[in-house]
Participant: 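Take a look at this one; I'll ask things after.
Worth saying up front: this structure is predicted, and the values here are computed from it rather than measured.
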Amino acid sequence: MLDQIHWLAAVTILGVLEQAYFFLQVIYARRLFGISPPKISGPPEFERIFRAQVNSSEYFPIFLALLWQAGLFFHQGLAAALGLLYLYARYCYFMGYKASSSERLTPIYFSAGVLWILIAVSALGILHFFLCHYVGLNVLQLLTA
């Protein structure tokens, strides 16, 4: 069983570490700009860092669910590769947003595209599972025959 999920687990841990890095960036920015919780407003430099972290946290559960569904129902390697692309795009998004609000756009669109691919792969894998187990129709065998 573990050999079927080890790549997914590795990408999950990298994602958690990335989230922790984003959290730490907000803590450092709070100290730098003298903004104590629960305040969330301040100079634009702080607000961009804070918003980048919040946005990344908002999308993280969606990413995790899709990563694991795609990996379990479609293909672990493809899901893990897409997961790495997503995490890289999110890092670029965070760093771009930290520098300037306009520099976040390309990475956010790219990461959204990766999520859509994960949605498609997950849906195909789940559909294939249901067709095989409940209808007795293996579409992959039909396509290769």
Side-chain angles (χ1 to χ4, degrees), residues 1-133 138-144:
M1 165 80 179
L2 293 178
D3 62 330
Q4 297 172 350
I5 61 170
H6 63 283
W7 290 115
L8 301 174
V11 173
T12 299
I13 290 296
L14 287 175
V16 168
L17 291 173
E18 182 177 68
Q19 290 296 308
Y21 174 76
F22 296 160
F23 295 147
L24 288 174
Q25 292 300 302
V26 172
I27 291 169
Y28 297 144
R30 283 187 179 284
R31 290 179 183 159
L32 179 66
F33 297 108
I35 300 169
S36 298
K39 286 181 64 178
I40 59 171
S41 61
E45 296 84 2
F46 169 76
E47 290 181 3
R48 287 195 310 267
I49 293 168
F50 181 79
R51 187 64 203 133
Q53 181 269 319
V54 170
N55 183 270
S56 295
S57 294
E58 292 166 346
Y59 277 87
F60 194 62
I62 297 167
F63 162 69
L64 285 180
L66 292 172
L67 171 74
W68 281 85
Q69 286 176 3
L72 293 174
F73 286 98
F74 194 85
H75 191 275
Q76 177 189 202
L78 176 63
L82 289 168
L84 290 174
L85 277 175
Y86 178 82
L87 294 177
Y88 176 71
R90 272 292 160 171
Y91 178 80
C92 292
Y93 163 79
F94 188 90
M95 291 310 194
Y97 208 169
K98 185 176 176 180
S100 164
S101 61
S102 63
E103 290 186 41
R104 79 189 195 288
L105 295 176
T106 300
I108 196 71
Y109 294 145
F110 185 78
S111 66
V114 173
L115 286 180
W116 280 109
I117 294 168
L118 282 170
I119 288 170
V121 169
S122 296
L124 287 173
I126 293 168
L127 177 63
H128 178 259
F129 176 83
F130 280 122
L131 288 174
C132 283
H133 285 83
N138 188 335
V139 178
L140 295 177
Q141 283 181 343
L142 293 174
L143 293 174
T144 59

Participant: For Y28, does the OH atom have more than 12 heavy-atom neighbours from other residues, nucleotides or ligands under 6.0 Å away?
Facilitator: no

Participant: Decide if atom CD1 of I40 counts as having more than 12 heavy atoms of other residues, nucleotides or ligands within a radius under 6.0 Å.
Facilitator: no

Participant: Are any of the side-chain heavy atoms of N138 and L131 separated by less than 4.5 Å?
Facilitator: no

Participant: Which residues satisfy the ring-ring contact (aromatic ring centres under 6.0 Å, His included) test with F74, sequence neighbours excluded?
Facilitator: none

Participant: Once you round to the nearest 0.5 Å, how far does CD1 of I62 lie from CD1 of I119?
Facilitator: 8.0 Å

Participant: Using side-chain heavy atoms (C-beta onward) and a distance below 4.5 Å, is L17 in contact with Y21?
Facilitator: no

Participant: So, H128 side chain and L124 main chain: donor-acceptor pair closer than 3.5 Å or not?
Facilitator: no

Participant: Shortest non-hydrogen contact from L87 to E18?
Facilitator: O-OE2, 2.7 Å

Participant: Just do the side-chain contact (heavy atoms from CB on, under 4.5 Å) check on F23 and S57 with the steps written out, would you?
Facilitator: CA-CA 9 Å; F23 295 147; S57 294; 3.4 Å; yes

Participant: When you look at OH of Y59, are more than 12 heavy atoms from neighbouring residues, nucleotides or ligands closer to it than 6.0 Å?
Facilitator: no

Participant: Just checking, is any N or O donor in the side chain of S122 or W68 under 3.5 Å from an acceptor N or O on the other one?
Facilitator: no

Participant: Quick one: CG on L66 to CH2 on W116, what's the gap to the nearest 0.5 Å?
Facilitator: 10.0 Å

Participant: Inspect the contact between R48 and E103 and indicate whether a charged nitrogen and a carboxylate oxygen are less than 4.0 angstrom apart.
Facilitator: no

Participant: Which of parallel (below 30°), tilted (30 to 60°) and perpendicular (above 60°) describes F33 and F46?
Facilitator: perpendicular

Participant: When you look at CZ of F73, are more than 12 heavy atoms from neighbouring residues, nucleotides or ligands closer to it than 6.0 Å?
Facilitator: yes

Participant: Can you tell me how far CZ of F50 sits from NZ of K39, rounded to the nearest 0.5 angstrom?
Facilitator: 12.5 Å

Participant: Using 0.5 Å steps for rounding, measure from the CG atom of L72 to the CZ atom of F129.
Facilitator: 11.0 Å

Participant: If you compare all heavy atoms of I35 against all heavy atoms of G42, which two are closest, and at what distance to 0.1 Å?
Facilitator: CD1-CA, 3.7 Å

Participant: Measure up the F22 and F94 rings against each other and bin them: parallel (under 30°), tilted (30 to 60°), perpendicular (over 60°).
Facilitator: parallel

Participant: Atom CG of L85 and atom CZ of R90: how far apart are they, to the nearest 0.5 Å?
Facilitator: 14.0 Å

Participant: Between R30 and S36, is a side-chain contact (heavy atoms from CB on, under 4.5 Å) present by the stated rule, with each step listed?
Facilitator: CA-CA 6 Å; R30 283 187 179 284; S36 298; 5.8 Å; no

Participant: Of all the heavy-atom pairs spanning V121 and A70, show the shortest one and how long it is.
Facilitator: CG1-CB, 3.9 Å

Participant: Show your reasoning for whether side-chain contact (heavy atoms from CB on, under 4.5 Å) applies to Y86 and L82.
Facilitator: CA-CA 6 Å; Y86 178 82; L82 289 168; over 6 Å; no

Participant: Relative to Y97, does R51 satisfy both conditions: NZ or CZ under 6.0 angstrom from the six-membered ring centre, and within 45 degrees of the ring's axis?
Facilitator: no

Participant: Taking the side chain as everything from C-beta on, heavy atoms only, tell me whether T106 gets closer than 4.5 Å to C92.
Facilitator: no

Participant: Nearest 0.5 angstrom please: Q76 CD to L8 CG, how far?
Facilitator: 4.5 Å

Participant: Would you say S41 and E47 are linked by a side-chain donor-acceptor pair, where the criterion is simply a distance under 3.5 Å?
Facilitator: no

Participant: Counting N and O atoms only, with roles assigned by atom type, does the side chain of R104 sit under 3.5 Å from a partner on the main chain of Y93, one being a donor and the other an acceptor?
Facilitator: no

Participant: Answer whether the closest heavy-atom distance between the side chains of Q53 and Q25 falls below 4.5 Å.
Facilitator: no

Participant: For D3, is there any backbone N or O sitting under 3.5 Å from a side-chain donor or acceptor partner on H6?
Facilitator: yes

